[in-house]
Amino acid sequence: MSGNTIRYRVFENPDSASAQAAAEMAQLIRERAVIGRTAVIGFATGRTQLPFFEELIYLYREEGLSFRNVICFNLDEYLGLEQTHPESFRSFMRWNLYDFIDVPRENIHFLRGDLTTEKIPAHCRAYEKKISEAGGIDLQILGIGRNGHIGFNEPGSDIQCRTSRVPIAEMTRRDAIRDFGDFDDVPTEALTMGCGTILEARKIILLAWGSQKARVIRRAIQGPVGSKLPASYLQTHPSAQVFLDTPAASVLMEK
Ligand code: F6R
């Protein structure tokens with residue numbers, strides 16, 4: 001499939017890139033607040049997101065940005081973890097963002113990793129329905145795995161896939177040893193918004209820092225579009241941007 005190259009911006013460091021991403025989100029939230037409407041945001045978890053969350057908390061505390069008109073959908077969740085498990089994405093979001101801003105609790109939506117097998121398909125369909133009923137995602141924030149995954153859409157994922165139960169790739173599980181301590185403790189499956197769900201967002205910003213992401217960023221932005229690298233699907237989106245620090249941009253070919 002042919003794609004366009006994705007628009008990307010290179011910043012001096014993760015903090016300056018995060019400040020710009022947060023400013024774009026803040027502008028959307030404020031524009032909607034003025035006309036009495038909600039802003040629907042898709043959030044990702046992971047270390048990449050931490051300086052971005054800090055920036056959002058700063059805007060809330062110091063710049064008067066309110067999240068009262070924000071509806072949040074989280075991208076993914078490990079399967080088999082209790083909601084309160086310290087490594088669940090729900091815990092991650094509470095401890096790093098949601099507990100520090102004024103987003104109404106009833107506006108926060110998570111996929112649940114603690115459901116039994118029979119309940120999962122209906123739960124995933126209901127999640128998609130909640131996104132549509134909220135009016136669709138206005139701004140989706142993403143990170144990227146070293147194998148090119150977005151959410152937990154690992155290599156091999158179809159461009160049209162919807163929210164569902166998926167296996168977690170070995171490389172991704174190895175990267176998660178830093179959080180779980182032991183490979184065998186890293187869940188083998190997850191629930192994730194699908195590539196099709198993500199691509200329906202009106203605007204997408206993918207964040208990536210560090211030289212360990214440089215090769216995958218080059219493939220995502222400048223390589224062929226295909227299921228080998230789900231992040232390459234963003235090339236087909238009319239309004240996707242990638243914000244990088246200098247090391248993550250270090251092997252990109254000249255524009
Ligand atoms: C998690 C998610 C993942 C991460 C990716 C990068 O919600 O969406 O796709 O964005 O695994 O993780 P970090 O930021 O820890 O390198």
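Atoms within each ligand, like the ligands themselves, are counted from 1 in listed order.
A salt bridge links D99 and R105; the closest N-O separation between the charged side-chain nitrogens and carboxylate oxygens is under 4.0 Å.
Here the closest heavy-atom approach between residue F180 and residue H85 is recorded as CE2-CE1, 4.1 Å.
For S66, the side-chain hydrogen bond (donor to acceptor under 3.5 Å, both in side chains) partners at least two apart in sequence or on another chain are D102. Applying the side-chain hydrogen bond (donor to acceptor under 3.5 Å, both in side chains) criterion to Q212, with sequence neighbours excluded, gives no partner residue.
The local environment of CZ in R215 is sparse, with at most 12 non-hydrogen atoms from other residues, nucleotides or ligands closer than 6.0 Å.
Remark: aromatic rings of F73 and Y127 are close, center separation under 6.0 Å. The six-membered or imidazole ring of F243 lies near that of F11, with a centre-to-centre distance under 6.0 Å.
At least one N or O atom of G151, backbone or side chain, sits closer than 3.5 Å to an N or O atom of ligand 1.
Scanning all protein heavy atoms for the shortest distance to atom 1 (C) of ligand 1 gives T45 OG1, 3.1 Å. The nearest heavy-atom contact from the protein to atom 5 (C) of ligand 1 is H149 NE2, 3.4 Å.
Proximity to K213 (heavy-atom distance under 4.0 Å) selects the following atoms of ligand 1: 6 (C), 13 (P), 16 (O). Shown in contact with G143 at under 4.0 Å from a heavy atom are these atoms of ligand 1, numbered in order with element: 10 (O). Those atoms of ligand 1 that come under 4.0 Å of a heavy atom in T48, given as number and element, are 13 (P), 14 (O), 16 (O).
If you look at D76 next to ligand 1, the close heavy atoms, those under 4.0 Å, all belong to the side chain. Proximity of L75 to ligand 1, defined as any heavy-atom pair under 4.0 Å, is confined to the side chain (atoms from C-beta onward). Contacts between Q49 and ligand 1, counted as non-hydrogen atom pairs separated by less than 4.0 Å, are absent for every part of the residue. Only backbone heavy atoms of I144 (N, CA, C or O) come within less than 4.0 Å of ligand 1; its side chain stays farther off.
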Could you walk me through whether R47 and D175 satisfy the salt bridge (Lys or Arg N to Asp or Glu O under 4.0 Å) test, starting with their C-alpha distance in whole Å, then the side-chain angles of each, then the deciding distance to 0.1 Å, before giving a yes or no? CA-CA 11 Å; R47 296 190 181 196; D175 283 346; over 6 Å; no

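Put simply, no part of E77 is less than 4.0 Å from ligand 1, judged by heavy atoms. Heavy-atom distances between R146 and ligand 1 stay at or above 4.0 Å for every pair.
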